[in-house]
Amino acid sequence: MAELAGLVQRLEVAVSRLESMSGPGESAGGASVSEFVEAFDEIVSGPVAQYLSLSQKIGGDVQKHADLMKQAFSAQRKLLVTASTSQKPSDAVLTTLLQPVSKAIQVVQGFREQNRSSPFFNHLSAVSESVPALGWIAMAPKPCPYVKEMLDAAMFYTNRVLKDFKEKDKTHVEWVKAYVSIWNDLQGYIKKYHTVGLSWNKSGPVASASAAPPCPPAGGCPPPPPPGPPPPADFSGASDGGDNGAGNRNALFASINKGSDITKGLKHVSDDQKTHKNPGLRTSGTSVRTGPKPFASQSPRPAASATPTRSLPPVLELDGKKWKVENQEGAQDLVISETELKQVVYAFKCNKSTLQVKGKINSITVDNCKKMGLVFDHVVGIVDIINCKDVKVQVMGKVPTISINKTDGCHVYLSQDSLNCEIVSAKSSEMNILVPNKDGEYSEHPVPEQFKTIWDGSKLVTTATEIAG
């Protein structure tokens, strides 16, 4: 009997050890339910903490933006804790659980839009373009590629931060490295614990909507996500060069969060209302919408009554070290003459206007402008043309770099002293560089818009190619 009692005792100890090793439940990937929360905490205490520390060191808008990012990661961690202890709920409940993360993303992106004139606009843009990566929790079955896509969207701006501060302040260089490490580490984390989507505890209770974490205390809850765009969609302004990428992603994320409710706004059309099943409807008095007739001469129709466009007052002022030139309409005599080397110029939403900048200045940014003319003497940093349409730039002295991004129509007139200028372009069209000749005239040279890439056996080789046809 004593031997039997000892055997039973050893079996009980073995079972107890197995239970303690397996934990209260297993995730979809086989990891302990608390393990993937602890792994996420390592990212938060590692690159996220380093990013927050460096942001605080830089200060200003970068620090404020980082505080919002901290809240976003906090909201995601609370969802991961819920997933580690609960079974996957219904789509309706899951939508509620996802809302805090979705709202946190919108707050981060909204801060960039509210501070477009910030001296750290490139920092804010890098974060704003990549923060949707936190939406991987709703991107089954391929969450990891989605994070990489969002990181790639930020690389344009992180490279500009490196270019601007590489020789000035190493803190910003370390800031970029820490920030990029967040998303690289998150990709590795997702591959290990959430390969095909957010893992849930198969043995826990079904998650409830009450498990959704409250909104971050700082600043209160943001407004609810905007509804999906009403049909039919109007793409008439798609070529205006506006930076609508962030807004489109927010609307898409909000639509996804509706779950099965996304089709509730659609109207059912019965068979007797379909023209292809009822030929008689084609000859009835009801007008049928047709496509536009090519080269048809039509008298202009009176504009439909609509809400008047809000016009902001024009601005031309020096704010600290930044010259603000905003909302100028038809102003052909804008001149900035009292300049210093540490000053920058930021032109935003100017239309059919001309700006002349005299003297030597640090940098010039032309953002969201149409039919804008820029003439300047010397720039020691960079001239940045972004989200513009039909812009002309004339260099009178020297400039090391001109960047053209998301712009349709840009003519750059170089001076004899600026022929060694670097032209960096991305997502732009109709770009032409005009170079002075010995007789004083200019020769025009288009910037390639189309490229050919081949694999030479060891690496990719990319060359410019002319547009066929």
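Along the sequence shown, residues carry numbers from 1. As a basis for the values below, the full set of heavy atoms in this structure was taken, side chains included, without hydrogen atoms, waters or symmetry mates.
- In this structure, M69 and Y51 have side chains that are in contact, with non-hydrogen atoms separated by less than 4.5 Å.
- Counting only distance, with no hydrogens or angles, the side chain of T95 and the backbone of D91 share a donor-acceptor pair below 3.5 Å.
- Here the straight-line distance linking atom CG of N327 with atom SG of C350 works out to 7.0 Å at 0.5 Å rounding.
- Using a distance-only test at 3.5 Å, with no hydrogens or angles considered, no donor-acceptor pair links the side chain of N437 to the main chain of D439.
- The NZ atom of K371 lies 9.5 Å from the NZ atom of K392; values are rounded to the nearest 0.5 Å.
- Contacts of K64 classified as salt bridge (charged side-chain N to carboxylate O under 4.0 Å, His left out), with partners at least two apart in sequence or in another chain: none.
- Remark: Q332 pairs with T354 by the side chain to side chain contact (heavy atoms under 4.5 Å, CB included) rule, at least two apart or across chains.
- The main-chain N or O of V461 is never found under 3.5 Å from a side-chain atom of T453 such that the two would form a donor-acceptor pair.
- Pairs passing the ring pair (Phe, Tyr, Trp, His ring centres under 6.0 Å) check and including a residue from residues 355-403, sequence neighbours excluded, do not occur.
- Residues satisfying the side chain to side chain contact (heavy atoms under 4.5 Å, CB included) test with A331, not counting sequence neighbours, are Q328, L334, S353.
- Proximity of a side-chain donor or acceptor of S53 to a complementary backbone N or O of A49 within less than 3.5 Å is not detected.
- Judged purely by atom type and a 3.5 angstrom limit, T96 has no side-chain atom pairing as donor or acceptor with the backbone of L94.
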Exercise. Between V173 and V176, does a side-chain contact (heavy atoms from CB on, under 4.5 Å) hold up when you go through it step by step?
Worked result: CA-CA 5 Å; V173 178; V176 169; 5.9 Å; no
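- A 6.0 Å sphere centred on CD of E340 holds no more than 12 heavy atoms belonging to other residues, nucleotides or ligands.
- Here Y179 pairs with S130, W183 under the side-chain hydrogen bond (donor to acceptor under 3.5 Å, both in side chains) rule; sequence neighbours left out.
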Throw together a table of side-chain donor-acceptor distances under 3.5 angstrom for residues 396-404, partners on residues two or more places apart or in other chains.
none

Problem set entry | Stepwise side-chain contact (heavy atoms from CB on, under 4.5 Å) test for V315 and F348 | CA-CA 10 Å; V315 176; F348 179 64; over 6 Å; no
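- Here the closest non-hydrogen pair linking D377 and V395 is O-CG1, 4.5 Å.
- Between S125 and R112, the shortest heavy-atom contact is OG-NH1, 3.0 Å.
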Using residues 360-367 as the side-chain source, report each donor-acceptor pair under 3.5 Å to any protein atom, sequence neighbours left out, with the distance given to one decimal.
{"from": "D367", "atom 1": "OD2", "to": "R116", "atom 2": "NH2", "distance (Å)": "3.0"}
{"from": "D367", "atom 1": "OD2", "to": "Y346", "atom 2": "OH", "distance (Å)": "2.8"}

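- Heavy atoms only, all atoms of each residue included: P132 and M150 are closest at CB-SD, 3.7 Å.
- A side-chain contact (heavy atoms from CB on, under 4.5 Å) with Q76 is found for exactly one of I105, V101, V44, namely V101.
- The side chain to side chain contact (heavy atoms under 4.5 Å, CB included) check on S458 picks up D456, with sequence neighbours excluded.
- Legend: ring pair (Phe, Tyr, Trp, His ring centres under 6.0 Å) pairs involving residues 419-446, not counting sequence neighbours, sorted by first then second residue: Y413-Y442.
- Between L151 and Q187, the shortest heavy-atom contact is CD2-NE2, 3.9 Å.
- S199 approaches F36 most closely through the heavy-atom pair O-CZ, 3.9 Å.
- E329 CD to K370 NZ: the interatomic distance, rounded to the nearest 0.5 Å, is 9.5 Å.
- Judged purely by atom type and a 3.5 angstrom limit, T407 uses its side chain to pair as donor or acceptor with the backbone of N405.
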Exercise. Should F111 and V127 be marked as a side-chain contact (heavy atoms from CB on, under 4.5 Å) after you check the CA-CA gap, both sets of side-chain angles, and the distance that decides it?
Worked result: CA-CA 10 Å; F111 185 86; V127 175; over 6 Å; no
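- The side-chain hydrogen bond (donor to acceptor under 3.5 Å, both in side chains) check on H123 picks up H172, with sequence neighbours excluded.
- A donor-acceptor pair under 3.5 Å links the side-chain atoms of K170 to the main chain of K166, judged by distance alone.
- Of all the heavy atoms in A138 and L98, the pair that sits closest is CB-CD1, 3.9 Å.
- By the side-chain hydrogen bond (donor to acceptor under 3.5 Å, both in side chains) test, D152 is found to be paired with K148, residues two or more places apart in sequence or in another chain being considered.
- Residue L80 holds its CG atom at 11.0 Å from CZ of F73, rounded to the nearest 0.5 Å.
- Looking at residues two or more places apart in sequence or on another chain, you find no side chain to side chain contact (heavy atoms under 4.5 Å, CB included) involving Q114.
- No donor-acceptor pair closer than 3.5 Å links the side chain of S128 to the backbone N or O of L124.
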For this session: Could you give me the CA-CA distance, side-chain angles and deciding distance for F165 and I58, then say whether side-chain contact (heavy atoms from CB on, under 4.5 Å) is met?
Result: CA-CA 12 Å; F165 292 95; I58 295 173; over 6 Å; no
